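Single-structure report; data block below.
Only a predicted model underlies this, so the values are computations on that prediction, with no experimental measurement involved.
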Amino acid sequence: MNARALVVWNVRRIRVERGIPQEQLAYDAGIDRSCMGRIEQKKENPTIDLLDRIAATLSIHLSELFAEPAKGAVL
């Protein structure tokens with residue numbers, strides 16, 4: 001899995017596990033809703049600053065966005 005796909009997978013996984021709608025995460029992180037959608041669709045490369053804001057909003061360390069999924073993990 002490449003780095004962008006890994007980050008997207010983790011953002012979606014954590015967001016869904018916590019029951020946070022995409023729009024709410026975007027709003028809380030100060031990101032345009034359409035930008036958040038493009039990130040999750042792998043159509044936009046987020047900056048490290050943007051990833052840091054997303055991680056802070058999810059109350060996780062930035063490095064958690066780069067964690068490899070467990071074997072057989074499905075979103």
Side-chain angles (χ1 to χ4, degrees):
M1 185 178 292
N2 68 41
R4 182 170 65 170
L6 185 60
V7 167
V8 167
W9 188 87
N10 281 307
V11 168
R12 291 187 88 196
R13 176 184 59 81
I14 295 166
R15 180 180 64 73
V16 169
E17 285 175 356
R18 295 183 182 181
I20 303 169
Q22 187 182 77
E23 294 82 7
Q24 187 65 47
L25 177 58
Y27 178 80
D28 292 346
I31 301 167
D32 184 79
R33 181 202 54 79
S34 61
C35 177
M36 189 75 225
R38 288 190 306 272
I39 290 169
E40 286 198 10
Q41 295 168 10
K42 299 181 211 163
K43 293 181 179 179
E44 186 164 323
N45 289 321
T47 64
I48 195 72
D49 178 60
L50 199 57
L51 292 177
D52 192 45
R53 290 183 3 219
I54 292 169
T57 301
L58 293 170
S59 300
I60 61 170
H61 191 274
L62 179 61
S63 64
E64 289 187 54
L65 296 179
F66 295 91
E68 288 284 337
K71 192 167 189 138
V74 179
L75 178 62

Is there a donor-acceptor pair under 3.5 Å between the side chain of Arg4 and the backbone N or O of Asn45?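 No.
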Is there a path of hydrophobic side-chain contacts, each under 4.5 Å between heavy atoms of I/L/V/M/F/W/Y residues, joining Phe66 to Ile14?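 Per the 4.5 Å side-chain linkage, Ile14 and Phe66 are co-clustered.
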If I compare all heavy atoms of [X] with all of [Y], which pair ends up nearest, and what's the gap?
X: Leu25; Y: Thr57; value: CD1-CG2, 3.6 Å
X: Arg53; Y: Ala29; value: NE-O, 3.1 Å
X: Leu62; Y: Asp52; value: CD1-N, 3.9 Å

For [X], check side chain to side chain donor-acceptor pair (under 3.5 Å) against everything at least two apart and list the hits.
X: Thr47; result: none
X: Lys43; result: Gln41
X: Arg33; result: none
X: Glu64; result: none

Using a 4.5 Å cut-off on heavy atoms from C-beta on, say whether the side chain of [Y] contacts that of [X].
X: Leu50; Y: Cys35; value: yes
X: Ile54; Y: Val11; value: yes
X: Leu6; Y: Pro69; value: yes

In chain order, what residues pass the side-chain contact (heavy atoms from CB on, under 4.5 Å) check against Ser34, with sequence neighbours excluded?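 Scan of Ser34 (side-chain contact (heavy atoms from CB on, under 4.5 Å), adjacent residues dropped) gives Asp32, Arg38.
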Those residues that, when tested against Ala5, pass side-chain contact (heavy atoms from CB on, under 4.5 Å) (two or more places apart):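 Scan of Ala5 (side-chain contact (heavy atoms from CB on, under 4.5 Å), adjacent residues dropped) gives Met1, Asn2, Lys42.
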Applying salt bridge (Lys or Arg N to Asp or Glu O under 4.0 Å), which residue pairs with at least one partner in residues 14-31 are found, sequence neighbours left out?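 For residues 14-31, and leaving out neighbouring residues, the salt bridge (Lys or Arg N to Asp or Glu O under 4.0 Å) pairs sorted by first residue read Arg13-Glu17, Arg15-Glu40.
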